[in-house]
Student: 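Mind looking over this structure? Questions follow.
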Amino acid sequence: MDPSPTANAAAPLSLAVVLCTYNGASYLQRQLDSLYAQSRLPDCIVLSDDASTDDTTEILARAATRFETMGVRVHFLRHPTNVGYVRNFERGFKLAHADLIFPCDQDDVWYPSKLARMTAVFEADDTLDVLHSDAELIDANGAPMGRRLFEVLELSATELRTMTEGDAFDVLIRRNIVTGAAMAFRTRVLDQALPFPDAWAHDEWLAIVASVNGKVRSLNEALLGYRQHGNNQIGVQARGLRHKATGIAGYRRAFLARMEARYEVFNAHVKRMQRVPPERFARVEDRLRHAQSRNRQGTSIFARIREVTRELLSGRYHRFGKGIRSALVDLFGLN
């Protein structure tokens, strides 16, 4: 049984940071320094390396010793073979024995109040499952780029208001705006989210699963420097790099196929969940139908006109996309 708000306020929540790495020696020390400087230290830190071939594990070994001297429990994992960032985080989360889990990338810089500020929000609301903040974009050298993450994601005033109030499902079923580097979640979310499916990134999956029958909130404060550089596995620049590699048409085809696969997995998962409101089952199935329609429109302009018109009349382009703008992209964007 979850503690009452009064009990929650009286008993501070325990915190675990899960720092996952792979060949991160270039930026890792700066991130570690920002963790040492937190105004509220974590109770536990999981250092999980995915078979790095540079100096990452040596840096982590020194960090493990330092965290221990600071009174932080340490779990240090070194994978013999590369498992990928999603499995790396999944394994790390399973070792994070605390009330709250903070995913941590190897190349960002956390501001000193990040752990304390986000924890205070959880301690004030025991119904909150996932919280994510804004972030300042920084370049490879750590210099501010003059933009924030929510700005780059084009988070609308309506989306921000809805997310700030904790009613995230309708936003997240349309598109993901939760970034792992800026999120924290209660460990209980893992009970519904594990194992992570291959079709989803861990942060997107945690957020959307939690939103089905739980509470996910946005915090409109920048609590970290979110580093953008050429080697980001995921990030604001990663999409642009994939565009260059495959071309816009190739990227769109892969994107639409991935969306259909993702919502097939999500639809099946939600059907196995408990206490899901019936209208949300219907919403998830509707989202899957829209993803299937967009992915299967074909190359014939006449076939696309028929399918796009049908989806427009159903209202799904407006519920799950950008309305007419998305319809026009589907109509003319593949050739």
Side-chain angles (χ1 to χ4, degrees), residues 1-16 40 93 98-103 111 113-135 148-194 200-224 226 266 269-270 273-284 286-287 319-320:
M1 180 179 296
D2 292 335
S4 66
T6 302
N8 230 18
L13 297 172
S14 57
L15 318 181
R40 177 172 179 177
F93 292 155
D99 298 313
L100 301 180
I101 297 177
F102 291 77
Y111 299 161
S113 63
K114 182 177 189 290
L115 287 177
R117 177 70 181 105
M118 297 184 77
T119 300
V121 177
F122 279 101
E123 290 180 337
D125 182 0
D126 68 341
T127 68
L128 181 60
D129 291 300
V130 175
L131 178 68
H132 76 115
S133 75
D134 201 354
R148 286 193 173 187
L149 180 59
F150 286 0
E151 174 192 355
V152 172
L153 293 175
E154 297 181 347
L155 197 60
S156 71
T158 299
E159 287 176 318
L160 182 58
R161 181 173 62 253
T162 301
M163 293 292 297
T164 300
E165 293 170 354
D167 188 17
F169 177 77
D170 284 341
V171 174
L172 297 179
I173 196 69
R174 177 174 174 263
R175 67 178 183 124
N176 177 64
I177 59 169
V178 177
T179 302
M183 80 183 297
F185 61 92
R186 291 189 194 266
T187 305
R188 67 192 182 202
V189 175
L190 294 176
D191 294 338
Q192 296 192 89
L194 290 175
W200 289 77
H202 62 283
D203 47 5
E204 297 173 317
W205 182 250
L206 286 163
I208 198 167
V209 168
S211 76
V212 172
N213 53 19
K215 189 173 183 180
V216 178
R217 273 193 59 191
S218 296
L219 186 62
N220 193 19
E221 301 174 22
L223 297 178
L224 72 153
Y226 187 38
F266 185 55
H269 185 83
V270 170
M273 293 175 66
Q274 304 295 317
R275 307 186 315 278
V276 177
E279 64 272 15
R280 296 217 162 156
F281 278 123
R283 192 78 160 176
V284 173
D286 210 29
R287 182 65 179 90
R319 288 196 297 275
F320 304 124

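FYI, side chains are in, hydrogens and waters are out, and symmetry mates aren't considered; it's all heavy atoms of this structure.
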Student: Do the charged groups of Lys215 and Asp125 touch, with an N to O distance under 4.0 Å?
Tutor: yes
Student: Rounded to the nearest 0.5 Å, how far apart are CG of Leu153 and OG1 of Thr179?
Tutor: 5.5 Å
Student: Between Arg161 and Asp170, does any NZ, NE, NH1 or NH2 come within less than 4.0 Å of an OD or OE carboxylate oxygen?
Tutor: no
Student: On a heavy-atom basis, which atom in Phe185 and which in Pro103 lie closest, and how many Å separate them?
Tutor: CE2-CG, 3.9 Å
Student: State the OG-CD distance between Ser218 and Glu159, to the nearest 0.5 angstrom.
Tutor: 9.5 Å
Student: What are the two closest heavy atoms between His132 and Met163, and how far apart are they?
Tutor: NE2-CE, 3.7 Å
Student: Shortest non-hydrogen contact from Asp99 to Leu13?
Tutor: OD2-CA, 3.5 Å
Student: Identify the heavy atoms of Arg188 and Asp129 that sit nearest to each other, and give their distance.
Tutor: NE-OD1, 2.8 Å
Student: Would you compute the distance between atom CE of Met118 and atom CG of Leu128 and round it to the nearest 0.5 angstrom?
Tutor: 9.0 Å
Student: Between atom CG of Leu194 and atom CZ of Phe93, what is the distance when rounded to the nearest 0.5 Å?
Tutor: 9.0 Å
Student: Does Val270 offer a backbone N or O that forms a donor-acceptor pair with the side chain of Arg280 under 3.5 Å?
Tutor: no
Student: Taking Asp134 for its side chain and Leu149 for its backbone only, find out whether a donor-acceptor pair lies under 3.5 Å.
Tutor: yes
Student: Can you label the angle between the His269 ring and the Trp205 ring as parallel, tilted or perpendicular, going by 30° and 60°?
Tutor: perpendicular
Student: Rounded to the nearest 0.5 Å, what's the gap from CZ on Arg217 to CZ on Phe122? Could you check?
Tutor: 9.5 Å
Student: Measure from the side-chain N and O atoms of Thr187 to the backbone N and O of Ala98, and report whether any donor-acceptor pair falls under 3.5 Å.
Tutor: yes
Student: To check you understand the geometry: which heavy-atom pair defines the closest contact between Arg319 and Asp286, and what is its length?
Tutor: NH2-OD2, 2.6 Å
Student: What pairs of residues pass the ring-ring contact (aromatic ring centres under 6.0 Å, His included) test when at least one of them lies in residues 153-183, not counting sequence neighbours?
Tutor: none
Student: At their closest point, which heavy atom of Leu172 faces which heavy atom of Ala207, and how far apart are they?
Tutor: CD1-O, 3.7 Å
Student: With sequence neighbours excluded, tell me which residues meet salt bridge (Lys or Arg N to Asp or Glu O under 4.0 Å) with Arg117.
Tutor: Glu221
